[in-house]
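Here the structure is laid out as structure tokens; the discussion comes afterwards.
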Amino acid sequence: MYQDILNRARASLSLRHLNCSGLALLLLLGLSACSGKSYDSQLSGNIVNSCQAQGSSKHYCQCALERMQEAHSQEELIQLEQETRITGRFPESLGKTMLQISLQCKQ
């Protein structure tokens with residue numbers, strides 16, 4: 001199911017680094033929300049590690065993490081992930097964030 005969502009998002013935005021940001025969203029499963037602007041260390045580490053595992057540079061992945069934190073609180077990101085699971089569709093707001101990340105965090 002998640003692979004289908006990721007494939008649809010890639011096709012609609014057709015950006016090289018979309019898979020990194022999309023995968024980061026999917027790693028939220030089972031994580032609890034916390035208050036504040038920064039994500040907890042487990043979530044931050046998962047985002048950067050999975051981004052790098054997809055072939056992106058550490059610089060790009062750190063930038064992507066920072067931009068995601070600016071755009072969505074950890075609680076919001078978890079809600080977006082839940083919406084994706086429930087509807088089977090990638091939320092438009094997350095797609096816009098990922099597009100901005102791709103443009104701002106070029107390799």
Side-chain angles (χ1 to χ4, degrees):
M1 177 176 147
Y2 293 116
Q3 190 61 42
D4 291 340
I5 293 167
L6 209 50
N7 288 338
R8 281 190 295 242
R10 280 189 203 122
S12 67
L13 297 176
S14 64
L15 297 170
R16 181 176 177 210
H17 297 294
L18 184 60
N19 61 339
C20 172
S21 300
L23 183 58
L25 172 68
L26 300 178
L27 290 173
L28 291 172
L29 291 170
L31 295 176
S32 60
C34 68
S35 60
K37 293 190 177 194
S38 295
Y39 300 159
D40 65 35
S41 60
Q42 181 182 6
L43 176 58
S44 296
N46 286 346
I47 289 172
V48 171
N49 291 338
S50 65
C51 178
Q52 287 183 285
Q54 295 294 316
S56 296
S57 70
K58 184 174 183 176
H59 172 77
Y60 175 86
C61 296
Q62 287 288 351
C63 178
L65 172 63
E66 291 168 12
R67 297 299 178 263
M68 188 64 76
Q69 289 177 135
E70 290 170 3
H72 302 285
S73 69
Q74 182 166 330
E75 185 174 285
E76 290 170 333
L77 203 54
I78 290 170
Q79 289 173 350
L80 289 169
E81 185 274 334
Q82 289 172 343
E83 179 183 334
T84 300
R85 280 192 292 139
I86 292 168
T87 66
R89 296 186 358 219
F90 210 68
E92 185 177 333
S93 63
L94 186 60
K96 288 179 181 180
T97 299
M98 292 176 1
L99 175 60
Q100 291 173 345
I101 287 171
S102 294
L103 296 173
Q104 294 172 354
C105 299
K106 295 178 182 173
Q107 289 277 14

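Position 1 is the first residue of the sequence; numbering continues from there.
Taking the side chain as every heavy atom from C-beta outward, Met68 and Leu94 approach each other to under 4.5 Å. Under the 4.5 Å side-chain criterion, counting only non-hydrogen atoms from C-beta, Pro91 is in contact with Thr84. Side chains of Gln69 and Ser44 form a contact here, defined as non-hydrogen atoms less than 4.5 Å apart.
For the atom pair Glu92 CD and Thr97 OG1, the distance stands at 10.5 Å (nearest 0.5 Å). Interatomic distance, Gln104 CD to Leu99 CG, rounded to the nearest 0.5 Å: 9.5 Å. Note that CD of Gln74 is 9.0 Å distant from CD of Gln42, once rounded to the nearest 0.5 Å. Note: Ser38 OG to Glu70 CD = 10.5 Å, rounded to the nearest 0.5 Å. The structure places CD of Gln62 at 9.0 Å from SG of Cys51, a figure rounded to the nearest 0.5 Å. Interatomic distance, CZ of Arg85 versus CG of Leu80, reported as 12.0 Å (0.5 Å rounding).
Here the closest non-hydrogen pair linking Cys105 and Ala64 is SG-N, 3.5 Å. Counting all heavy atoms, side chain and backbone alike, Tyr60 lies closest to Ser57 at N-OG, 3.0 Å. Contact between Lys106 and His59 at its shortest, heavy atoms only, is O-CD2, 4.5 Å.
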